[in-house]
Number of protein chains: 2
Amino acid sequence: MKVTIKDVAERANVSIATVSRVFNKSGPVTDQTRHRVLTIARDLRYTPNASARSLSTSKTDTVGLLLPDLYGEFFSEVIRGADQTVQQYHHHLLVSSSHNNRNEIEAALRVMRGRVDGLVIMSPHIDAATLNANLPKSLPVVLLNCYVKDSSFDSLNIDNIGGAHQMVKHLIQHNHTRIAIIKGTEQNYDAEERLSGYRAALREANLEVSADLEFPGDFTEEAGFQAAKKILVLPHRPTAIFASNDSMAIGAISALRESEVQVPEEIAVAGFDDIPISKYMKPGLSSVHVPISNLGVLALERLFAAVTEKDNHIKKQDIITTELVVRESCGIHETNNDD
Amino acid sequence: MKVTIKDVAERANVSIATVSRVFNKSGPVTDQTRHRVLTIARDLRYTPNASARSLSTSKTDTVGLLLPDLYGEFFSEVIRGADQTVQQYHHHLLVSSSHNNRNEIEAALRVMRGRVDGLVIMSPHIDAATLNANLPKSLPVVLLNCYVKDSSFDSLNIDNIGGAHQMVKHLIQHNHTRIAIIKGTEQNYDAEERLSGYRAALREANLEVSADLEFPGDFTEEAGFQAAKKILVLPHRPTAIFASNDSMAIGAISALRESEVQVPEEIAVAGFDDIPISKYMKPGLSSVHVPISNLGVLALERLFAAVTEKDNHIKKQDIITTELVVRESCGIHETNNDD
DNA sequence: GCCAACAATGTAAACGCTTACATTACTGCC
DNA sequence: GGCAGTAATGTAAGCGTTTACATTGTTGGC
């Protein structure tokens, strides 16, 4: 039924070593022989057995992408960038979500190990110890947006603090003094950083940092919706809302609309991530642009560098800068240089 | 460096066969022995080598998901559903996009073969011949939204015709008589079916089917935008636009807005797919709901059935029904039973 | 007490490939 | 013409498992 290298070798009257050499372009082979082997292989529909090859070479030509969740455009974009890069390097992409649960993450790590030549991990809840405990020291790893500062790992992080700071500063510069924030998921790294960027900007402008203006959220539209409802009944109503991501901003706007509060006239709204829809909403959502699909590309390029360079690969911790995107929802149309 | 079954066996004073039996729960082992092996394995951080195992068993515990593209929420949702199901069955997910190019699809197929126990293929451009030529007869395959009617394959298709028909009929019932369509990508299966559903509904209502009302598109927001611009300059302006997917509908709405044409008052707009944002837009986008993430789940469940049942698996061609979702963009608020 | 039956474990072949090393057959140089 | 050097090919060991079959040890029925 299934055709192996041996079948090809027999039919071509050569040894399996020669067939192997043809397929791997390793070692010298006559043009004539090569051609004969290739033809017969095609006729026989021969494909090298990936497992056998992996076993022999201890390479899998596959890299793993471990994500906290597979929901929403953010991850979809990361996957897209990753796939693109992986194909370019003639590798394969093993994707898995980890459900944010520590045990499941460990299981996922262990299970990936041995199946991949390298691993990109995007999981806010992971720490260096878990990583070291569950992965062989030799497996190249790139951390994407993880809360691990350890210089023993390559990592890529979004400049959450800077981005949030920039957006809030922008609002302040345009005379907003009561700015509420809808926070991200409790304990989430991005969430905390965005919050601290928000606070820093307020402090810097000598504005009060108050728990009364900080509303819980979990990055879903629903949470944004609920938070906005709460904000609306505040005695001294804020003039601006900074949502920790676009989904929540969208939810918030939809709540404001429901209550017939004009955006941005009565309340300005801004988000974070700049997901594609932000551009197409009405009003267009002001946001902090994160080069998401680029993130996937960068992570994988770094990973392949690590895989290739092996031991003399130098690890780096990079911070990806964000960019302020001003649309209508924050009430400041003009293109001006706020920084 | 790397620890193998042999290391565990030596340390535990048993043969490798016993260790193997412990890990696979195949064959009898004393509780005492099992415990000793397990403990030592844990201490040694032993993980069975996946390649060796695959070579030996010719199973990979991995299934492949071949998508035409990785762009947008649609695929992100399919992947999510797929991942969820795959985890449930303790398998892994190898994802790849095929770039819609025939050669690349063939390459992807060939490369997947041998790495996976089964394959879900979503690729409008593929035909039965290509499939047969590049895949071993024994590999379970589920076609997702492919234009292959062949009963020798399991397949899942969206009821594009029915969905489009239903939406256009709905518009007609509410007194729209000039309804433009923004078509999907040329030669694309979904695109053609949605177009024919549109035409059927018009014909059924004795409305003219005219090329003047059919505008090219390619499923991107940009295309929707451009098409709407063209529609706006039409001498006898349509009162409704049916976009072949939500992205184009969103692009169209944004073009109309730019020209200060009221939606739905002046022109009603409807889409297809019911991607999550549709709900949060203003106006909410009327659309044809496709249970996307469910699609991923269903496809993988079918695949696992095929993998498990092996030879006595009975292939089926299923059509997934869609559902009309009426929001504001088509101008008919009331919840009524249109069918 | 013997033997059958079975439980627990071991032995070794096979899975399909890569690759170090061995072999063979040419070349051209002195 | 012999020999070194090299190009082309072959041989066989190993990669880490699984598993059919063999071996050993125990049990219980007669």
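The basis for the numbers below is simple: all heavy atoms, side chains too, and nothing from hydrogens, waters or symmetry mates. In the text below, chain A, chain B and the rest are named by the order of the sequence lines, each starting its count at 1. Note that the coordinates shown come from a computational prediction; the quantities given were computed from them, not determined experimentally.
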**Toward the 5' end of DNA chain D, by each residue's nearest nucleotide, B/Arg21 or B/Thr47** = B/Thr47

**Fill in**
note: A/Lys6, atom NZ; C/dC15, atom C1'; distance rounded to Å ~ 11 Å

**Prompt:** When all nucleic acid strands are considered with a 4.0 Å heavy-atom cut-off, which category describes A/Tyr46: base, sugar-phosphate, or nothing?
**Reply:** sugar-phosphate

**Request:** Indicate whether any N or O donor in one side chain lies under 3.5 Å from an N or O acceptor in the other, for B/Thr185 and B/Asp218.
**Result:** no

**Prompt:** Could you state the NE2-P distance from B/His35 to C/dA8, rounded to the nearest angstrom?
**Reply:** 17 Å

**Asked** Can any side-chain N or O of B/Thr62 pair as donor or acceptor with the backbone N or O of B/His92 at less than 3.5 Å?
**Response** no

**Request:** Using atom CZ of A/Arg53 as one end and atom C1' of C/dC15 as the other, report the distance to the nearest whole Å.
**Result:** 16 Å

**Message:** Go nucleotide by nucleotide along DNA chain C from the 5' end; which of A/Thr4 and B/Thr18 gets its closest nucleotide reached first?
**Reply:** B/Thr18

**Prompt:** Under 4.0 angstrom, heavy atoms only, what part of the nucleic acid is B/Thr33 near: base, sugar-phosphate, or nothing?
**Reply:** sugar-phosphate

**Item:** No-hydrogen, no-angle side-chain donor-acceptor test under 3.5 Å, A/Thr130 and A/Asn134
**Value:** no

**Prompt:** Does the side chain of B/Met122 reach to within under 4.5 Å of the side chain of B/Leu66, using non-hydrogen atoms?
**Reply:** no

**Request:** Please report, rounded to the nearest Å, how far the P atom of C/dA8 is from the CZ atom of B/Arg34.
**Result:** 9 Å

**Request:** Say whether, by atom type as modelled, one donor and one acceptor occur between the side chain of A/Arg115 and the main chain of A/Val111 under 3.5 angstrom.
**Result:** yes

**Message:** Please report the interatomic distance CZ(A/Arg53) to CG(A/Leu55), rounded to the nearest 0.5 Å.
**Reply:** 13.0 Å

**Prompt:** Within the structure shown, what part of the strands sits under 4.0 Å from A/Asn13 by heavy-atom distance: base, sugar-phosphate, or nothing?
**Reply:** sugar-phosphate

**Message:** Under 4.0 Å from a heavy atom of chain B: give me the 5'-most and 3'-most nucleotides of DNA chain D that qualify.
**Reply:** D/dG16 to D/dT19

